[in-house]
Amino acid sequence: MYRAPRGTSDILPREQAYWRYIEQKVVNACQLYGYERIDAPAFEDTKLFSRSVGEDTDIVEKQMYTFEDRGGNKITLRPEGTAPVCRAYLEHGLHNLPQPVKLYYIASIFRYERPQAGRYRQHYQFGFEAIGDDDPALDAEVIDMAWQFFQSLNLRHLSLQLNSIGCKKCRPGYLAILKDYYASHTRDLCSDCKTRLKRNPLRLLDCKKPQCQQIANSAPRSIDYLCPQCDEHFNRVKRYLELLDLPFAVNHRLVRGLDYYTRTVFEIQPEVEGAQTTLGGGGRYDDLIEELGGKPTPALGFAAGIERIILNLKKQNVPIPPLPRPQVFIAHIGDKARDEAIKLAAALRKNGIGVIEAIGNKSLKAQLRQANTLGAHHTVIIGEQEVKTGTVILRDMTTAQQRTIPIVQLQEELR
RNA sequence: GUGAGUGUCGCCUAGCGGUCUAAGGCGCCAGGUUGUGGCCCUGGAGAGCGAGGGUUCAAAUCCCUCCACUCACCCCA
């Protein structure tokens, strides 16, 4: 028997209400903030990701689905959503539009990881990207949009964490200071942190081990080493967030896993326990477009994992509106009645009335049972009698009232 | 890549060496009305116990290996 590959899953009909719910809220937020949808291909030239995400990140080093296609091209299934959007921005000369260009996507993401709660090999993210302006007001707007989106989902108990990790001018200096600090504590670090110290010092800050947390808590903070421009930028972002009444908390230990981030970084997390805490995150990536071959173009974005959102919606028992279903069920008895039923179903559908027609030779009882479990509001019953007289029985399934009406009147009655 | 836990009908669960040709609940199908649902009653279909190997007179029940799932670490959405 075949099963879905490890780390993937089927989204069955009973789950779909969650997905539609979230998609609808995403679309709504994007309309409110002026973002337009973009869909990029599921795979790209491998270099697009290795250059943007960073050669030394885990994503590039060991999590990408990379293969050579039949033409000998190195291809990678997208492990994140931002780089493809930036690629499209460059490829289609979107810098000719009024800046910033605001785009959003909903897309499957592929990473070869060990599956776990809220972590899959194929998962879905939506994200929005605002490309072409370095105004801190844009940072605030993106953060606000992310926050308001979660509010609109009716998710509660979320926290908004904010930090600034500087730019390519000031970050190297900070990293040197950070390394110095950690070098003096190297004996007390966990083994993971010892390798982080060499490979990715920023990540030292978010180690979960208690002994490392203590060290991280009193580590030098990036916001204390920002260059004047970054400092000014960060202060204005914070001021705008206050203007917007957003309950953000500056967290100097917040860093992000992708190399392209600069200045503002932020995450939204549920305040509950659990391992996969981050629902969504984002930040500025002012150097990425240039890195990909464009002119220097500031930008920022946000992305969130849909499966994780669903996990939290369930945890919080957030009511989800049910998906619409056909309103009318047609039951029939006998071959002649079935002929009528087929024609009737077609006629109703042509007029925009959703119909489920009983299929197979089931007893009326079985047909009504089916109508009941499907939740049809009305059942139309056609038997020999009705065929002869050109009528139909219209049964209201909630009140169990039914009456015989001429078939020509049915449409009228169903409105 | 590392660690821990789990693996019995579609779902949930019982069984923990012989009474298991595996039991129950949900769901599904059918009957209880000759043309009528939701409740109730009755019946039916549906697993040979993740896979393979071993121990034993005898294994779903013990052992081994593998696989899968789950959770955690790593990393991230």
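In what follows, chains are A, B, ... by sequence order, proteins preceding strands, each numbered from 1.
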Engineer: Tell me which nucleotide among rC71(B), rC28(B), rU36(B) gets nearest to the side chain of Thr373(A).
Structural biologist: rC28(B)
Engineer: With respect to the side chain of Met397(A), which nucleotide from rA77(B), rG37(B), rC75(B) is positioned closest?
Structural biologist: rG37(B)
Engineer: Please tell me which of Cys207(A) and Ile306(A) maps to the more 5' nucleotide of RNA chain B, matching each residue to the nucleotide holding its nearest heavy atom.
Structural biologist: Cys207(A)
Engineer: Work out how far the P atom of rU70(B) is from that of rU34(B), and round it to whole angstrom.
Structural biologist: 47 Å
Engineer: Where the side chain of Gln402(A) is concerned, which of rA30(B), rC73(B), rU36(B) is the nearest nucleotide?
Structural biologist: rU36(B)
Engineer: From the options rC71(B), rC76(B), rG37(B), select the nucleotide whose nearest atom is closest to the side chain of Arg111(A).
Structural biologist: rC76(B)
Engineer: Got a salt bridge between Asp45(A) and Lys47(A), using NZ or NE/NH1/NH2 to carboxylate O under 4.0 Å?
Structural biologist: no
Engineer: What does rG31(B) pair with, Watson-Crick or G-U, if both distances are under 3.5 Å?
Structural biologist: rC41(B)
Engineer: Which part of the nucleic acid does Ile393(A) contact within heavy-atom distance under 4.0 Å: base, sugar-phosphate only, or nothing?
Structural biologist: base
Engineer: Could you check, using the six-membered ring where one of them is a Trp, whether Tyr285(A) and Tyr260(A) have ring centers closer than 6.0 angstrom?
Structural biologist: yes
Engineer: Taking atom C1' of rU36(B) as reference, at what distance in whole Å does atom CD1 of Ile382(A) sit?
Structural biologist: 14 Å
Engineer: So that I can tick it off, tell me whether Lys168(A) and Asp287(A) are bridged by a salt bridge, with the cut-off set at under 4.0 angstrom between side-chain N and carboxylate O.
Structural biologist: yes
Engineer: rU36(B), rA77(B), rA30(B): which one has an atom nearest the side-chain heavy atoms of Gln125(A)?
Structural biologist: rA77(B)
Engineer: Does rG48(B) count as syn, meaning its glycosidic angle lies within 90° of 0, or as anti?
Structural biologist: syn
Engineer: How far, in whole Å, is rC41(B) from rU33(B) if one measures between their C1' atoms?
Structural biologist: 15 Å
Engineer: Say we look at rA23(B) and rG48(B): how far apart would their C1' atoms be, to the nearest angstrom?
Structural biologist: 13 Å
Engineer: So, under a plain 3.5 Å distance rule, would you say the side chain of Gln116(A) forms a donor-acceptor pair with the base of rU70(B)?
Structural biologist: no
Engineer: Quick check on side-chain contact (heavy atoms from CB on, under 4.5 Å): which of Leu311(A), Ile310(A), Ile11(A) does Tyr18(A) satisfy it with?
Structural biologist: Ile310(A)
Engineer: Once you round it to whole Å, what is the distance between P of rC75(B) and CG of Asp56(A)?
Structural biologist: 14 Å
Engineer: Taking a pair as Watson-Crick or G-U wobble with both distances under 3.5 Å, which nucleotide is matched to rG17(B)?
Structural biologist: none
Engineer: From the options rU36(B), rC76(B), rC71(B), select the nucleotide whose nearest atom is closest to the side chain of Thr278(A).
Structural biologist: rC76(B)
Engineer: By nearest atom, which of the nucleotides rU70(B), rG35(B), rG37(B) is closest to the Arg369(A) side chain?
Structural biologist: rG37(B)
Engineer: I'd like the C1' distance from rU42(B) over to rU6(B), given in whole Å.
Structural biologist: 38 Å
Engineer: Do Lys365(A) and rG38(B) share a donor-acceptor pair, side chain to base, under 3.5 Å?
Structural biologist: no
Engineer: Sticking with atom P, work out how far rC66(B) lies from rA47(B), rounded to a whole angstrom.
Structural biologist: 30 Å
Engineer: Can we call the ring centroids of Trp19(A) and Tyr124(A) under 6.0 Å apart?
Structural biologist: yes
Engineer: Can you find an N or O donor on one side and an acceptor on the other, under 3.5 Å apart, linking the side chain of Gln269(A) with the base of rA77(B)?
Structural biologist: no
Engineer: Centre of Tyr33(A)'s six-membered ring, under 6.0 Å away, within 45 degrees of the axis: is that where NZ or CZ of Lys102(A) sits?
Structural biologist: no
Engineer: In Watson-Crick or G-U wobble terms, both distances under 3.5 Å, what is the partner of rU61(B)?
Structural biologist: none
Engineer: Can you tell whether the side chains of Glu267(A) and Arg256(A) come within less than 4.0 Å, N to carboxylate O?
Structural biologist: yes
Engineer: Name the closest nucleotide to the Gln63(A) side chain, picking from rA77(B), rG37(B), rC75(B).
Structural biologist: rC75(B)
Engineer: Between rG35(B), rU36(B), rC76(B), which one does the side chain of Ile59(A) approach most closely?
Structural biologist: rC76(B)
Engineer: I need the CD-P distance between Glu61(A) and rC75(B), as an integer number of Å.
Structural biologist: 12 Å
Engineer: Can you confirm whether the side chains of Ser159(A) and Gln161(A) place a donor and an acceptor under 3.5 Å from each other?
Structural biologist: yes
Engineer: Judged by each residue's nearest nucleotide on RNA chain B, which is more toward the 5′ side, Leu368(A) or Ser363(A)?
Structural biologist: Ser363(A)
Engineer: Does the rC75(B) base have a donor-acceptor partner in the side chain of Arg196(A) within less than 3.5 Å?
Structural biologist: no
Engineer: So Glu386(A), base contact, sugar-phosphate only, or nothing? Heavy-atom distance under 4.0 Å.
Structural biologist: base
Engineer: When rounded to the nearest Å, what value does the distance between C1' atoms of rG32(B) and rG25(B) take?
Structural biologist: 22 Å
Engineer: Between rU65(B) and rC28(B), how far is it from one C1' atom to the other, in whole Å?
Structural biologist: 38 Å
Engineer: Decide yes or no, distance alone: a donor-acceptor N/O pair under 3.5 angstrom between the base of rU2(B) and the side-chain of Arg114(A).
Structural biologist: yes
Engineer: Does the structure show a Watson-Crick or G-U wobble partner for rG7(B), both distances under 3.5 Å? Name it, or say none.
Structural biologist: rC67(B)
Engineer: Any strand counts, and the cut-off is 3.5 Å on both contacts for Watson-Crick or G-U wobble. Which nucleotide pairs with rA72(B)?
Structural biologist: rU2(B)
Engineer: Expressed in whole Å, how much space separates the P atoms belonging to rU8(B) and rC49(B)?
Structural biologist: 11 Å
Engineer: Using atom CZ of Phe49(A) as one end and atom P of rA77(B) as the other, report the distance to the nearest whole Å.
Structural biologist: 13 Å
Engineer: What is the pairing partner of rG46(B), taking Watson-Crick or G-U wobble pairs with both distances under 3.5 Å in any strand?
Structural biologist: none
